[in-house]
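Note sheet for the following structure.
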Amino acid sequence: MDGMEEALIFSQSFRTEKDWVTLLCDSSRTGGLGIRALKAPKRARWQLHVGNSVRSAPIFRGETLYVASLSGGLHAIDVQSGRTRWKFLAGDQIHSTPSFCGNTVLFGCDDGKVYAVDDNTGTKVWETAASAEIWASPTVRSAVVYFGSADGWMKAVRVENGTSLWTRQLGGRICSTAYAAEGHIYVGSGDGKVYSLDSSSGDILWEAATLNGIDSSPVIAANTVLIGSEDFFFYAFDANTGTLRWKYETGLGISSSPAVFDDFAAVGSKDGFVYVLEVQTGRLRWKTRVGQAVTAPPVLSENAVCIQAGGTAALDKATGKVLWRAGLGASVQSVPVLTGNVIYVASVDGEVYAIE
C-alpha cells in the first residue's frame, strides 16, 4: 500500500456525504468538487460586486456560488447570470470560509457565532455562540461540527441544531481550521502548537510545538499532519504521536494551508513562493515565485497547482512552471473555484468574477 492509499483510508474512513472534514472539504482544497480539468481563461463571463472585501474562499454547489464578505453578508450567486439569488446578513464581518453540510451552509463570524443557513432559501437554520471572533471554517464529521475561536477555545456542536457537545481551551488564538479525522481533531493555535484532540470528548491527546504562532490549517496524508507555522517552517508530525518527522524552512512565515496530491504537499509562503514537497521525506520537488506574499491555500486540478496571490496563477504540477496568469483575483485567503469550464474567483476588493 502506498502513501496516498494510506492517506485516503486515514482521511476518508467512515466519512459520509455530509462530512466536510477540513478547510474546503478535502485534502486537495477543491471545495468538494474533486479534481477537475483546468483551462487557461480567456475572458470574463460576468463580474459582481458583493459590497466589502472578501477575505475567505467561495464554495460552489449546483448552479450557485456562495461568497462571504467583510460586510457581513453571505451571498448566493446564480452562476449562469451572475446575479444574487439571496443574501444572508450576519452580525459582523465574515473572515470564515463557508462549509457545506447537507442542505446547509455553515460559517463563522466576527460576532462570535457560527451560523447554519439553508442553501436554497438563505433562511437561518440555527446559530451557536462562542466567546470571541470565529475566523476558522467549521468542519463536519459524523454529524458533529468543530470550530475554534480567537480566544483559544475549540468547540464541538451537533450539526442538526448547534447545541454544544464539548469545549476545550487551547493555548492561543485559533484561526486554523480543524481537520476532523476518525476519532481525532487536529488544529493549530496561536501559541505555536499543533494539537490532537479526542473528537468525542475534546481531551488533548498530544501537542507539538513550533517556534511561532500557527494560522495554517492542517491536512492529513500518509498518517502525517502537515502544517505551516509563522516561524518560516513547514512541518510534518506523526498523526498518532505528534513526533516530528521532518520540517522544511521557507523564507518567511507560512499562513497558507497545504493541499496534497500524489505523494506531495503544495503550500505557499509569505516569501512569495509556492513550494511542493515530498510528504514522506520533506524533500523539495520544486518552488515557484508567484507574488509578494502567498497566504491563501493552493487548490489542485488535474495538471496544475492553482493559487491566488495578487492575481490567479496555474503552475504545472510536475515542474512548477507557470502555465498561465490572470490579473483578476487579488487574494488574502481566497481560492479559485475550478469547475472544469469556468473558474470563479473572489477578490479582496469585493469583486467576484466568472472567467472562462
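Everything numeric here is computed off the predicted structure, so don't read it as measured data. The figures here come from the full heavy-atom set of this structure, side chains too, leaving out hydrogens, waters and symmetry mates. Quick note: residue numbers are just sequence positions, from 1.
Taking 4.0 Å as the cut-off between side-chain N and carboxylate O, Glu230 and Lys270 count as a salt-bridged pair. Asp203 and Arg168 are joined by a salt bridge, as a carboxylate oxygen and a charged side-chain nitrogen come within less than 4.0 angstrom of each other.
In this structure, the side-chain hydrogen bond (donor to acceptor under 3.5 Å, both in side chains) partners of Tyr195, at least two apart in sequence or on a different chain, are Asp191. With sequence neighbours excluded, the residues satisfying side-chain hydrogen bond (donor to acceptor under 3.5 Å, both in side chains) with Asp316 are Thr319. Listed by chain and number, the residues in a side-chain hydrogen bond (donor to acceptor under 3.5 Å, both in side chains) with Thr210 are Ser229 (sequence neighbours excluded). For the salt bridge (charged side-chain N to carboxylate O under 4.0 Å, His left out) test, residues two or more places apart in sequence or in another chain that qualify with Arg283 are Glu278. Evaluation of the side-chain contact (heavy atoms from CB on, under 4.5 Å) rule for Glu133 yields Asp110, Trp135, Ala150 as partners, not counting sequence neighbours. By the salt bridge (charged side-chain N to carboxylate O under 4.0 Å, His left out) test, Arg173 pairs with Asp215, sequence neighbours left out. Legend: residues meeting side-chain contact (heavy atoms from CB on, under 4.5 Å) with Ser71, ordered by chain and number and at least two apart, are Asn52, Ser69, His75. Under the side-chain hydrogen bond (donor to acceptor under 3.5 Å, both in side chains) criterion, Ser137 pairs with Ser99, sequence neighbours left out. In this structure Lys124 satisfies the salt bridge (charged side-chain N to carboxylate O under 4.0 Å, His left out) test together with Glu127, sequence neighbours excluded. Residues that satisfy the side-chain contact (heavy atoms from CB on, under 4.5 Å) test with Val125, not counting sequence neighbours, are Thr104, Ala116, Asp118. Partners of Ser200 by side-chain contact (heavy atoms from CB on, under 4.5 Å), not counting sequence neighbours, listed by chain and number: Asp198.
Among residue pairs with one or both ends in residues 303-334, none qualify as ring-ring contact (aromatic ring centres under 6.0 Å, His included); sequence neighbours excluded.
Side-chain atoms of Arg29 and Thr22 include a donor-acceptor pair closer than 3.5 Å.
The aromatic rings of His184 and Tyr186 sit parallel, their planes meeting at an angle under 30°, below the 60° perpendicular limit.
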